[in-house]
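The structure appears right after this line, and notes come after that.
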Amino acid sequence: MQPEVGSGLSQTDNQVANSLFETVTRVEHDLKDLIGALALLGVKRCSQCRQFFRCADPGALFDNGQLVCYSCIPNWWSSLSTRLGVADRERTEGKLASWLRKYHRAEVVKETSGKVTDTPDAEFQIVAQCLECAGSGKLMEGERCRFCNGHGTVRIVVPK
Ligand SMILES: [Zn+2]
Ligand SMILES: [Zn+2]
């Protein structure tokens, strides 16, 4: 006699698959509860590398709707900044620049030429709109902005 083929999973296989599915669902649920509990304790997770950080340290995670830890900032920002519209990018950029200055000793560096050159002793840098002239490169009465040398942008450099 030929054994029956073609029905795919046997009864036992189905039961195993079902209980496996239940277990995974339960674990997923527990994990969600646990992450919620950690947030109550002041521990939050980086949306990029999934590591946990203490919220008590304001320099650990940058909050932009999604949380990003300091070491994920360079990659996260370079991919995000190309996807944002001008207004959103400028807003996020300003927020990021002040966060970097406040918690990571970042300095505002004037552009010396039209193009961005890398600073060798910088760990990370972003180009941001000059706050003094709102990116126009000019101050009142058309005077060239001395904060950005008239380029309208400055570099926010985080030292190593
Ligand atoms: Zn991270
Ligand atoms: Zn300026």
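All ligand and atom numbering here is 1-based and tracks the order in the structure.
Taking CD from Q129 and CG from L131, the interatomic distance works out to 7.5 Å, rounded to the nearest 0.5 Å. From I126, atom CD1 reaches atom CG of L96 across 4.0 Å, with rounding to the nearest 0.5 Å.
Between D57 and R54 there is no salt bridge, since none of the side-chain N atoms of the basic residue sits less than 4.0 Å from a carboxylate O of the acidic one.
Rounded to 10°, the angle formed at the Zn ion (ligand 1) by C69 SG and C46 SG is 110°. Here the Zn ion (ligand 2) is the vertex; the SG atom in C133 and the SG atom in C148 give an angle of 110° (to 10°). Rounding to the nearest 10°, we obtain 110° for the angle at the Zn ion (ligand 1) between C49 SG and C72 SG.
Ring orientation note: the planes of W99 and H104 are tilted relative to one another, at an angle of 30° to 60°.
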